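Take a look at the structure below.
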Amino acid sequence: MRAPPPLSAAPLLSAAKTHARLIKSGAASDTHAWNAVLTAYSRSAGLARARDLFDEIPQRDSVSWNALIAAHASSPTSSSSSSSSSSNALSWDLFRAMRALGLPFDHYTLGSVLKAVARSARLQFGRQLHSLVLKSGLDRNVFSASALVGMYAKCASLRDASRVFEAMPERNAVSWNALLAGYAEAGEVDAAFRLFGRMERASSVPDEATFASLLTLVDGIAYHRLMCQLHGKIVKYGQAKDSVVCNAAITAYSQCGLIGDSIKVFDKMEDNRDLITWNSMLAAYACHGLTDCAMELFVKMQEFGINQDMYTFTSVISSCTDHGHHNQGRILHGLVTKRGLDGETPVFNALIAMYIRTSENGMMEDAVKCFDSMEFRDSVTWNSILTGLSQNGLSTEALRFFGHMRSVEFKIDHYAFSAVLRSCSDLAILQLGQQIHGLVLRTGFASNDFVASSLIFMYSKCGVIDDARSSFHESDKCSSVSWNSIIFGYAQHGQARIALDLFTKMQERKVPPDHITFVGLISACSHIGLVEEGFNFLKTMESKYGVAIRMEHYACGVDLFGRAGRLDEAKELIDSMPFKPDATVWMTLLGACRIHGNMELASEVAKHLLEAEPREHSTYVLLSCMYSGFGMWNDRALLQREMRNRGLSKVPGWSWIEVKSKVHSFNAEDRSHPQAEEIYEMIVMLIEEIEVFSSRESEIDDFEFG
DNA sequence: CTAGGGTTAG
């Protein structure tokens with residue numbers, strides 16, 4: 001069970017005294033005094049105590065009912081128990097009971113019921129209350145009208161919220177903030193800041209709630225400038241010391257990459273830190289992968305006697321990023337149980353994600369154990385397991401789990417579709433992928449960029465580039481995600497010109513490219529030998545497009561020169577790198593040495609590789625292959641002995657294809673298939689055809705956009 | 001007896 005919330009002793013004590021006096025002195029009719037006790041109890045002793053007291057009041061009036069409804073509408077929430085949803089529902093029931101008794105309601109009543117409706121996002125009830133507000137003329141009351149704005153904003157009906165707001169004869173900061181919070185929640189950055197500008201011009205003074213909402217909009221390094229401007233406004237309106245503003249600022253600074261400023265805000269707070277302050281700082285560390293800082297802060301919180309909650313645990317658990325933190329993760333799991341937080345779905349979702357990240361072998365036992373032990377699972381829970389299976393290459397299990405989800409879960413969303421389609425790609429099972437595509441179309445997820453991206457990936461992997469293109473057309477195309485996939489698809493299919501045209505279209509649509517876009521573009525150029533174009537992307541991606549060059553871009557660049565036989569330039573590129581090249585970069589160069597038969601450079605490169613990753617079997621295989629090509633049998637024998645000494649063996653690669661619901665698999669030089677003769681005959685024919693084709697000039701299709 | 005705001009997991 002959960003520890004009860006800390007009670008504020010003084011008001012509770014004096015309320016209890018009044019309560020005792022009321023019972024003893026026979027002042028039963030002093031409803032005013034009873035109501036005061038009711039309010040005090042609901043604030044400091046919890047909902048149950050308030051309900052008991054309500055039953056004791058001899059002559060209940062509207063105020064008694066209002067107080068009880070208000071108590072239900074603001075009782076604390078917990079994801080595990082259904083107490084909040086039921087207490088919200090009870091507010092509504094109490095309101096109906098009150099009216100059935102013929103008691104009049106007022107702006108106090110409606111304010112509370114609207115709050116309860118907003119918290120449970122029951123828009124239909126909210127609309128009924130709206131008509132009551134209008135009928136009773138309370139729409140001119142600033143409390144009722146603001147509560148209405150807040151209700152519509154929380155139910156994500158921003159048009160209604162704004163309509164009520166515009167019709168208000170009188171507004172205060174709460175009215176402005178209610179609408180502003182709606183825009184902030186929906187991520188409507190422009191609308192939110194336009195409203196803020198109006199608020200300033202209307203001489204409404206922005207307060208701490210205004211800035212708390214605005215700060216949540218800061219999301220990514222692109223908001224750096226905006227954050228500076230906001231900081232200026234906060235100082236101007238004297239809100240820089242408010243704890244709620246500071247808490248939001250810690251998160252905002254972290255979001256725009258300025259974790260140092262988050263720490264500064266946190267350090268300055270000292271006297272007015274609350275639980276959310278600590279949780280925000282913890283989340284900032286976790287988000288930046290600063291595991292040690294997060295752990296240290298977590299311990300410090302305990303030393304300060306802070307009552308850690310589910311937010312604390314979800315953050316500190318999510319700071320365990322890799323296998324190195326596996327033990328810390330387990331300890332935290334133990335603490336979760338000890339603190340009685342094992343009923344909290346978000347905490348368990350974080351644990352599942354942690355076990356997936358920190359597992360060494362990509363196995364999912366721990367995560368599945370968590371999943372099995374949970375009482376309340378939400379879509380995040382299901383999707384985490386599915387995504388974990390899919391990302392760890394457990395494709396068959398992912399497909400089976402997806403089937404399970406469909407049979408028990410209420411709704412499959414874009415996360416699930418994206419993951420399961422990815423597994424279809426990995427297995428190259430087109431038929432099942434097409435069936436799931438059908439499901440995607442029926443459920444209306446085809447326009448989602450993530451789903452479309454997986455569809456594009458699947459079709460292009462299965463060689464059906466036209467269907468990949470159709471899926472691209474159906475997507476929203478509003479993020480780089482689907483663009484990247486189609487660019488990759490055409491790059492893999494050797495149609496670099498189309499990939500480059502797509503990049504032009506992407507820019508016309510003002511979709512910002514990211515680091516993955518450039519991997520696609522450079523490798524597209526590499527595949528058809530557009531060396532200068534490819535190198536140009538590498539040279540300008542930082543200066544012209546503001547995308548930082550990463551290791552994989554250098555690997556692409558090495559491939560670009562390497563495939564074209566310009567091995568010296570490939571080597572020069574590696575030498576010019578501002579950071580130490582990793583194994584992939586060297587491996588790319590080694591591959592190029594093999595294609596172009598440069599044994600001298602290959603030996604040099606192999607030295608780097610065997611030093612950096614002595615257990616990588618593919619280095620030995622590539623090198624040994626080259627030795628045979630050059631007839632260097634002694635070197636080959638030495639290398640193979642070395643490989644045996646280190647306990648390494650060649651891991652064969654497999655290919656497979658699905659024909660009429662049967663999967664046929666092959667590995668190199670494999671003649672075990674019953675139709676091997678025919679298959680190899682066909683390969684010879686295909687190779688001839690390819691040679692004829694490539695001797696002609698390649699023709700490029702025109703590409704149309706929708 | 002009322003209304004708005006800050007922290008979490010894919």
Side-chain angles (χ1 to χ4, degrees), chain A residues 32 35-36 38-40 42-43 61-71 73-74 79 105-115 118 138 141-151 153-154 172-182 184-185 206-216 239 242-252 254 274-284 286-287 309-318 344-354 356 378-388 390-391 413-416 418-419 450:
Chain A
H32 183 79
N35 290 342
L38 173 57
T39 303
S42 78
R43 283 189 193 148
D61 63 5
S62 283
V63 176
S64 323
W65 284 87
N66 288 349
L68 189 65
I69 292 172
S74 49
S79 74
F105 63 87
D106 56 13
H107 58 278
Y108 287 99
T109 330
L110 284 170
S112 297
V113 187
L114 278 165
K115 182 180 179 180
L138 284 169
N141 176 282
V142 70
F143 288 95
S144 303
S146 298
L148 259 182
V149 173
M151 183 277 295
K154 283 244 165 60
N172 60 19
V174 177
S175 332
W176 290 92
N177 292 342
L179 186 58
L180 195 63
E185 177 67 33
D207 63 7
E208 66 282 356
T210 316
F211 291 113
S213 285
L214 288 174
L215 283 166
T216 63
Q239 297 296 345
D242 181 84
S243 70
V244 176
V245 173
C246 288
N247 293 346
I250 289 172
T251 305
S254 155
D274 59 17
L275 177 58
I276 297 183
T277 316
W278 291 88
N279 287 349
S280 302
M281 196 59 237
L282 204 54
C287 182
D309 68 353
M310 60 183 258
Y311 287 98
T312 318
F313 277 90
T314 43
S315 291
V316 75
I317 290 164
S318 70
E344 300 288 0
T345 306
V347 175
F348 258 64
N349 290 344
L351 281 174
I352 288 175
M354 179 276 292
I356 293 172
D378 62 12
S379 68
V380 177
T381 321
W382 288 90
N383 289 336
S384 299
I385 296 283
L386 180 69
T387 315
S390 173
Q391 285 177 353
D413 66 8
H414 60 279
Y415 283 103
S418 178
F450 290 92

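These values consider heavy atoms only, across backbone and side chains, with no hydrogens, waters or symmetry-generated copies. First the proteins, then the strands, lettered A, B, ... as listed; each starts at 1. Values in this document were obtained by computation on a predicted structure and should not be read as measured data.
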Value in whole Å for how far the P atom of B/dA9 lies from CG of A/N349: 10 Å

Rounded distance (Å) that lies between atom C1' of B/dA9 and atom CZ of A/F313: 15 Å

Residue A/A353, side-chain heavy atoms: nucleotide from B/dT2, B/dG10, B/dT7 that is nearest: B/dG10

Touch class at under 4.0 angstrom, heavy-atom based, for A/D242 against every strand present: base

A/F143-B/dA3 aromatic stacking (under 5.5 Å, under 30°): no

Spacing of A/M281 atom CE relative to B/dT8 atom P, expressed in whole Å: 12 Å

Residue pair A/N279 / A/D309, side-chain donor-acceptor N/O under 3.5 Å: yes

A/V142/A/S175 under side chain to side chain contact (heavy atoms under 4.5 Å, CB included): CA gap, chis, key distance, verdict: CA-CA 8 Å; A/V142 70; A/S175 332; 3.8 Å; yes

Check: A/D378 side chain, B/dG10 base, donor-acceptor under 3.5 Å: no

Closest to side chain of A/P346, choosing from B/dG4, B/dA9, B/dG10: B/dA9

Atom pair distance, as rounded to whole Å: CD in A/E185 and P in B/dG5: 9 Å

Candidates B/dA9, B/dC1, B/dG5 - which lies nearest the side chain of A/A209: B/dG5

From B/dT8, B/dG5, B/dC1, nucleotide with atom closest to A/A212 side chain: B/dG5

All ring-ring contact (aromatic ring centres under 6.0 Å, His included) counterparts of A/H414, not counting sequence neighbours: none

Heavy-atom side-chain proximity of A/T312 to A/L275 below 4.5 angstrom: yes

Listed nucleotide nearest any side-chain atom of A/Y311, set B/dT7, B/dT2, B/dG10: B/dT7

Non-neighbouring partners of A/F105 that pass ring-ring contact (aromatic ring centres under 6.0 Å, His included), sequence neighbours left out: A/F95

Between B/dG10 (P) and A/M354 (CE): distance, integer Å: 12 Å

Stepwise side chain to side chain donor-acceptor pair (under 3.5 Å) check, A/N35 with A/N66: CA-CA 10 Å; A/N35 290 342; A/N66 288 349; over 6 Å; no

Closest listed nucleotide, where the reference is the side chain of A/S384 and the choices are B/dG5, B/dT2, B/dG10: B/dG10

Interatomic distance, A/L114 CG vs B/dA3 P [rounded to whole Å]: 11 Å

Side-chain N or O of A/K154 closer than 4.0 Å to phosphate OP1/OP2 of B/dG5: yes

hbond_proxy A/Y108 side chain to B/dT2 base (donor-acceptor, 3.5 Å cutoff): no

From B/dG4, B/dC1, B/dA9, nucleotide with atom closest to A/R43 side chain: B/dC1

Proximal nucleotide (of B/dT7, B/dC1, B/dG5) relative to the A/E208 side chain: B/dG5

Touch class at under 4.0 angstrom, heavy-atom based, for A/T216 against every strand present: sugar-phosphate

Sugar-phosphate only, base, or nothing, as touched by A/N141 at under 4.0 Å among non-hydrogen atoms: nothing

Protein-nucleotide distance (A/N172, atom CG; B/dG5, atom P), rounded to Å: 13 Å

Candidate nucleotides B/dT8, B/dG4, B/dT2, ranked by approach to the side chain of A/A173 - the nearest: B/dG4

Euclidean distance, atom CD1 of residue A/I250 to atom C1' of B/dG5 [Å, nearest integer]: 15 Å

Out of B/dC1, B/dT7, B/dG4, whichever nucleotide has its closest atom nearest the side chain of A/T39: B/dC1

Presence of donor-acceptor pair under 3.5 Å, side chain of A/N177 and base of B/dA3: no

